[in-house]
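Contents: one structure, followed by commentary.
Here is how names work: the chains are called A, B, and so on, in the same order as the sequence lines, proteins then strands, and each is numbered from 1.
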Number of protein chains: 2
Amino acid sequence: MATVKDVADLAGVSTATISRVLNNHPQVADETRSKVLWAMEQLNYQPSRVARRLRMEASQILGLIISDIANPFFTSVVRGIEDVAYANGYSLFLCNSDEDPAKEELYIQVLLAEKVAGVIISPTDEDGITCKTLVESGVPLVAMDRRLRRLEVDTVVVDNVLGAYEAVSHLIQLGHRRIGLIGGPVHITTGRERQEGYKKALTEHGIGLDEGLIKIGDFKQGSGYQMACELLETDDPPTAIFTANNLMTLGALNAIHEKGLNIPRDVAIVGFDDMPWAPSLDPPLTAVAQPTYELGCTAANLLLQRIADKDREIVEMKLEPTLIIRASCGHNEKRGQSKSGDHGA
Amino acid sequence: MATVKDVADLAGVSTATISRVLNNHPQVADETRSKVLWAMEQLNYQPSRVARRLRMEASQILGLIISDIANPFFTSVVRGIEDVAYANGYSLFLCNSDEDPAKEELYIQVLLAEKVAGVIISPTDEDGITCKTLVESGVPLVAMDRRLRRLEVDTVVVDNVLGAYEAVSHLIQLGHRRIGLIGGPVHITTGRERQEGYKKALTEHGIGLDEGLIKIGDFKQGSGYQMACELLETDDPPTAIFTANNLMTLGALNAIHEKGLNIPRDVAIVGFDDMPWAPSLDPPLTAVAQPTYELGCTAANLLLQRIADKDREIVEMKLEPTLIIRASCGHNEKRGQSKSGDHGA
DNA sequence: CTGAAAGCGCTTACAG
DNA sequence: CTGAAAGCGCTTACAG
């Protein structure tokens with residue numbers, strides 16, 4: 001591969017001049033510039049970003065640590081981040097912590113060692129001990145989707161309490177009194193806040209809490225299935241279930257269908273996360289839609305602003321979720337889907 | 001941030017020794033090693049991967065160019081790649097070409113400039129003009145999910161012809177004669193091969209091709225919706241539809257449900273890609289399951305092997321898809337789901 | 001407007 | 001077993 005030296009030799013100038021052309025330095029004679037450009041063309045020269053990064057303090061790379069790349073909720077988020085990054089000339093270094101603090105820590109070290117310009121993270125744990133290292137090193141950091149409790153960092157989240165509150169309130173308005181929760185881990189802010197919204201809705205409507213109706217999963221499909229089984233196999237099962245993310249919703253649906261129960265007649269269900277397949281589920285899923293793409297864009301914009309101005313005040317943004325009412329909650333009961341029965345899956 | 005120099009000064013040795021400890025060089029006196037380790041600890045030293053990469057030829061980074069990060073098919077693939085990379089001490093540099101050759105080209109330049117150890121790509125175009133640059137630069141490359149026609153590179157794909165052939169043959173065996181195709185772009189090998197399998201099944205069963213039943217989308221949900229509308233709004237609509245990927249399947253389902261048609265009574269459907277939500281769709285989707293995670297693992301392993309041995313012969317692997325029969329094809333018709341009617345979505 | 005020289009933080013023959 | 005020195009490919013004051 002050609003280097004500045006090769007280009008300089010061919011163009012008959014110094015390497016400093018090559019660098020100046022590369023960086024659009026204004027005071028380069030037009031004639032010199034053309035010679036250099038010509039030489040670059042000839043040699044198919046690609047400047048090494050590695051060498052450049054060693055010399056300069058700022059890189060053109062953003063680090064991104066996602067807690068579960070297999071969760072389709074994040075694909076749209078990543079897409080938003082990627083679009084903003086691309087539009088601003090940044091590339092993405094994507095890491096998947098897989099909800100494992102050890103992997104998260106390793107990747108934070110890697111990103112630090114890679115001298116990324118900034119990091120966006122959906123942390124595996126609200127205490128974020130490892131994130132402290134980042135912040136202390138002065139690397140701009142944005143917490144996305146999940147908060148970092150003890151750290152003063154830019155944050156963009158969805159109003160999880162509100163989303164859960166609206167979902168559960170809707171079930172209550174439809175007449176449900178025994179509502180099960182399949183929640184997420186409480187050490188993750190989304191898990192805890194959605195549980196908080198659930199409890200708030202019950203309390204405000206004068207319904208006592210039944211701890212037996214609260215099951216905590218791990219935001220993955222398998223746990224949704226298992227927790228739904230536990231809820232439905234009791235003597236006094238809930239008449240409705242609220243699931244705290246899209247994967248656990250799918251797991252719960254598996255369990256309900258497997259038992260031959262009818263939704264919403266035997267058990268109603270409302271899930272957090274509206275996904276492209278929600279309208280085509282059996283029956284169409286009532287869901288709390290999160291502004292996923294916007295979440296990603298906002299996180300990326302916050303990070304770019306922070307990179308541009310390290311002294312800006314800390315910003316915390318809370319985006320609004322929307323309850324999308326379809327059939328799984330029983331709202332449209334009259335329209336006949338209670339006849340559908342089991343689908344032989 | 002501390003550098004080798006700082007550590008060397010504190011430990012009272014030369015920077016060369018620090019480097020040797022860092023790289024587990026065997027001939028370092030135990031006592032010296034402990035001193036160095038202690039100094040590193042004291043300074044919370046993190047070696048710069050950037051500086052290291054400038055000096056060494058091989059980096060610990062794999063580049064990954066995905067054609068559409070918003071397609072959940074790829075999340076499991078990325079997961080497979082990531083697991084293998086992580087287990088071997090590599091990190092991932094993920095790029096999303098968004099089916100745009102210009103973005104693909106830019107990212108290839110970035111990855112080259114970043115001196116990644118190798119690249120895995122699902123190319124936007126089978127001609128892969130930009131991929132040639134990579135190959136010519138001697139960077140190990142693996143084509144994944146989609147082939148690169150003119151290039152001699154390691155490749156791992158799924159047997160798309162077989163998958164489509166089995167799906168369509170199954171519909172034929174259930175009595176269908178007018179089967180619509182919602183296919184992918186023909187300049188992408190998955191699009192063309194799935195169409196090939198569709199045609200092969202019809203031909204082998206003595207059914208003539210009707211070009212009016214073949215609609216080409218772009219592998220995204222919107223086009224699945226639109227093409228399904230076009231197919232269903234003709235005078236002589238198909239009795240069954242085969243969709244060539246998961247997003248177009250969702251789009252087609254939207255169209256079918258919107259028109260109040262019953263699946264499979266009015267129109268049967270079989271889709272490429274089995275996804276976690278397929279069993280919970282209305283009705284459960286008969287689908288061609290791709291070994292997505294394995295696809296990712298295989299691609300990563302091929303790349304790591306190639307990095308280790310640049311002279312190894314070119315390998316092309318073809319993984320087997322599996323037809324998962326559920327209710328949307330009409331196979332389980334007798335079990336009563338034809339009664340289900342519209343869900344009021 | 002341009003060049004010579006130093007330096008970013010590492011690693012690696014080469015001596016000893 | 002360890003150190004002095006050169007070099008990876010850039011950029012940037014400092015001169016001129």
Side-chain angles (χ1 to χ4, degrees), chain A residues 1-37 39-40 43-61 109-117 137-139, chain B residues 1-37 39-40 43-61 109-117 137-139:
Chain A
M1 292 212 60
T3 70
V4 259
K5 182 105 197 1
D6 301 321
V7 180
D9 288 352
L10 182 60
V13 296
S14 75
T15 59
T17 301
I18 306 300
S19 177
R20 290 194 188 98
V21 171
L22 230 36
N23 295 285
N24 291 313
H25 209 84
Q27 299 111 292
V28 178
D30 280 351
E31 197 191 351
T32 312
R33 186 183 300 277
S34 342
K35 262 194 314 192
V36 170
L37 257 17
M40 285 178 176
L43 298 170
N44 190 23
Y45 171 67
Q46 292 295 337
S48 159
R49 289 168 66 118
V50 176
R52 169 171 242 260
R53 207 135 33 108
L54 182 58
R55 200 52 230 280
M56 323 252 288
E57 61 272 41
S59 76
Q60 289 289 86
I61 301 180
Q109 304 295 9
V110 169
L111 293 179
L112 252 178
E114 285 290 341
K115 294 251 189 309
V116 295
S137 313
V139 177
Chain B
M1 291 214 60
T3 70
V4 259
K5 182 106 197 2
D6 301 321
V7 179
D9 289 351
L10 183 60
V13 296
S14 74
T15 60
T17 300
I18 307 300
S19 177
R20 289 192 189 100
V21 171
L22 231 35
N23 295 285
N24 289 314
H25 210 84
Q27 298 111 292
V28 178
D30 281 351
E31 197 192 350
T32 312
R33 185 182 303 275
S34 340
K35 262 194 312 192
V36 170
L37 257 18
M40 286 179 175
L43 299 169
N44 190 22
Y45 171 67
Q46 292 296 337
S48 158
R49 289 168 65 119
V50 176
R52 170 172 240 260
R53 206 134 36 106
L54 182 58
R55 197 54 229 278
M56 323 251 290
E57 61 272 41
S59 75
Q60 290 288 87
I61 300 181
Q109 304 295 8
V110 170
L111 293 180
L112 252 177
E114 285 290 342
K115 293 252 189 310
V116 295
S137 312
V139 178

**Message:** At under 4.0 Å between heavy atoms, how does the protein contact nucleotides 9-16 of chain C? Give one character per nucleotide, 5' to 3', with B, S or -.
**Reply:** BBBBB---
Under the rule for side chain to side chain contact (heavy atoms under 4.5 Å, CB included), what residues qualify as partners of [X], not counting sequence neighbours?
X      : answer
B:V139 : B:L112, B:V119, B:L134, B:S137
B:V13  : B:A11, B:T17, B:I18, B:T32, B:K35, B:V36
A:S34  : none

Please report the distance, rounded to the nearest Å, between [atom1] in [X] and [atom2] in [N].
X     : N     : atom1 : atom2 : result
B:D9  : D:dA4 : CG    : P     : 11 Å
A:R33 : C:dC1 : CZ    : P     : 10 Å
A:H25 : C:dC1 : NE2   : P     : 10 Å

Distance-only criterion, 3.5 Å: show the donor-acceptor pairs between side-chain atoms of residues 21-31 of chain A and protein atoms not counting sequence neighbours.
unit_1, atom_1, unit_2, atom_2, d
A:N23, OD1, A:R52, NH2, 2.2
A:N23, ND2, A:S19, O, 2.7
A:N23, ND2, A:S19, OG, 3.4

**Asked** Which salt bridge (Lys or Arg N to Asp or Glu O under 4.0 Å) pairs, counting each pair once, include a residue from residues 2-16 of chain A, with sequence neighbours left out?
**Response** A:K5-A:D9
**Item:** Span that lies between the C1' atom of D:dG16 and that of D:dT12, in whole angstrom
**Value:**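 Rounded to whole Å, the distance is 16 Å.
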**Message:** The criterion is side-chain hydrogen bond (donor to acceptor under 3.5 Å, both in side chains); which residues satisfy it with B:E114, sequence neighbours excluded?
**Reply:**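 Expected list: A:R49, A:R53.
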**Message:** Going by side-chain hydrogen bond (donor to acceptor under 3.5 Å, both in side chains), name the residues that satisfy it together with A:R20, two or more places apart in sequence or in a different chain.
**Reply:** none
**Asked** Name the stems that DNA chain C belongs to, where each is three or more consecutive Watson-Crick or G-U pairs with both distances under 3.5 Å?
**Response** C:1-3 with D:14-16, C:5-12 with D:5-12, C:14-16 with D:1-3
**Item:** Given C:dT2, D:dC1, C:dG3, the nucleotide with the shortest approach to the side chain of A:A29
**Value:** C:dT2
**Prompt:** Which atom names give the shortest non-hydrogen contact between A:S48 and A:A51, and what distance separates them?
**Reply:** OG-N, 3.0 Å
